[in-house]
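Lettering of chains follows the sequences in order, A, B, ..., and the numbering in each one begins at 1. Values below: every heavy atom of this structure, side chains too, minus hydrogens, waters and symmetry copies. This structure is a prediction, so every number in the text was calculated from the model and none was measured.
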Protein chains: 2
Amino acid sequence: MSLLPLPVTSADRESCEATYVLRRVGEKWSVLILVILGEGPMGFNELDRTVEGLSRRILTRTLRGLESDGLISRTPAADRMEYALTDSGQSLLPLIVALGEWAIEHARHRR
Amino acid sequence: MSLLPLPVTSADRESCEATYVLRRVGEKWSVLILVILGEGPMGFNELDRTVEGLSRRILTRTLRGLESDGLISRTPAADRMEYALTDSGQSLLPLIVALGEWAIEHARHRR
DNA sequence: CTGTATCCTAGCGGATACTG
DNA sequence: CAGTATCCGCTAGGATACAG
């Protein structure tokens, strides 16, 4: 039995819900932000200071992307913006962590 | 207890084995190719015909990428090239499928 | 059958400076 | 504190044509 309809058409791809999550996961900082927020909500500047090498511009865009996918929430708190995982984001986290652990177990042989 | 060292430095990121897999998974066709090869080895043209909307150029690059990550093998067979999942690729597949299933369960609310 | 060569576009990622 | 405005380089993705 087959997981996929073969041949795979463009329409199949467009209709596939999986692609957008995969793209998001492939972004440079998204997963890191998700893992960090997995340890608790944070403000914008707190995130900015926590992740070295990430500019505010990119942080903003990354947060917006995660928010538009419903993975994190963005709520104004007293004197700061607070970012936190949504239930959706919470439920995705273990899968991402599993991917990370897989990668660590399988030493890369590239290059 | 924390999964991460906080703050996260650039060096932490560079040393993290997870990133390259995440990037690969985020590529447009990689996961699809992995899933297809999960059903059995295939030749180049077979793949080309199976996946509609994927040019030979991009197919070549995708295959090379997966190969350089050790996820698929590329062996000359009688009158064709044969691509197949490696053990490494086999072991990654369930995690990818899990991600796909997660995405299907959680209807996107974007846009 | 299995690619390569060329050329092009869009978008990610980033540096730097400015804003309410 | 939480962003925006500009500008810029790199590369993923693709169209099209050619090659051994």
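- The two residues A/Tyr83 and A/Leu37 have their closest heavy-atom pair at O-CD2, 3.5 Å.
- Of all heavy-atom pairs between B/Glu82 and B/Ala77, the closest is CB-CB, 4.4 Å.
- Put simply, CG on B/Leu63 is 11 Å from P on C/dT2, counting in whole angstrom units.
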Under 4.0 Å protein heavy-atom contact, by nucleotide of nucleotides 13-20 of chain C - B base, S sugar-phosphate only: BBB--B--

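- Not counting sequence neighbours, B/Ala78 has no partner by the side chain to side chain contact (heavy atoms under 4.5 Å, CB included) test.
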CA sep, side-chain torsions, deciding dist, call: B/Leu99, B/Leu95, side-chain contact (heavy atoms from CB on, under 4.5 Å): CA-CA 6 Å; B/Leu99 258 190; B/Leu95 302 185; over 6 Å; no

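- Other residues, nucleotides and ligands contribute only 12 or fewer heavy atoms inside 6.0 Å of the CG atom of A/Asp87.
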Stepwise side-chain contact (heavy atoms from CB on, under 4.5 Å) test for A/Ile33 and A/Leu54: CA-CA 11 Å; A/Ile33 298 295; A/Leu54 173 57; 4.2 Å; yes

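- Across B/Glu27 and A/Arg23, no two heavy atoms sit closer than the pair C-NH1, 3.9 Å.
- Contact between B/Trp29 and B/Glu52 at its shortest, heavy atoms only, is CH2-O, 4.2 Å.
- The stretch residues 72-81 of chain A touches DNA chain D through A/Arg74, A/Asp79, A/Arg80, A/Met81, each having a heavy atom within less than 4.0 Å of the strand.
- Helix-axis bend for the helix from C/dC1-D/dG20 to C/dG20-D/dC1: the local axis fitted to the five terminal pairs at one end deviates from that at the other end by 50°, rounded to 10°.
- In this structure, A/Leu93 CG and A/Glu39 CD are separated by 9.0 Å, a value rounded to the nearest 0.5 Å.
- Rounded to an integer number of Å, the gap from CD1 of A/Ile33 to P of C/dC12 is 16 Å.
- Scanning both residues, A/Ala103 and B/Val21, for their nearest heavy atoms gives CB-CG2, 3.4 Å.
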Quiz: residues 56-66 of chain B side-chain donor-acceptor pairs under 3.5 angstrom, not counting sequence neighbours:
unit_1, atom_1, unit_2, atom_2, d
B/Thr60, OG1, B/Arg56, O, 2.8
B/Thr62, OG1, B/Ile58, O, 2.8

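- Distances shorter than 4.0 Å separate none of the side-chain N or O atoms of B/Tyr83 from OP1 or OP2 on C/dC1.
- Between B/Glu46 atom CD and C/dC1 atom P there is a gap of 10 Å when expressed in whole angstrom units.
- Straight-line distance from the CD atom of B/Glu82 to the C1' atom of C/dC1: 14 Å, rounded to whole Å.
- Distance CG (B/Leu47) to P (C/dC1): 13 Å, rounded to an integer number of Å.
- Of the listed residues (A/Val31, A/Asp69, A/Leu34, A/Thr19), just one forms a side chain to side chain contact (heavy atoms under 4.5 Å, CB included) with A/Arg24, and that residue is A/Asp69.
- Protein chain B contacts DNA chain D over a range whose 5' and 3' limits, counting nucleotides with an atom under 4.0 angstrom from a non-hydrogen atom, are D/dA12 to D/dC18.
- Heavy-atom minimum distance, A/Gly70 versus A/Ser88: O-CB, 3.5 Å.
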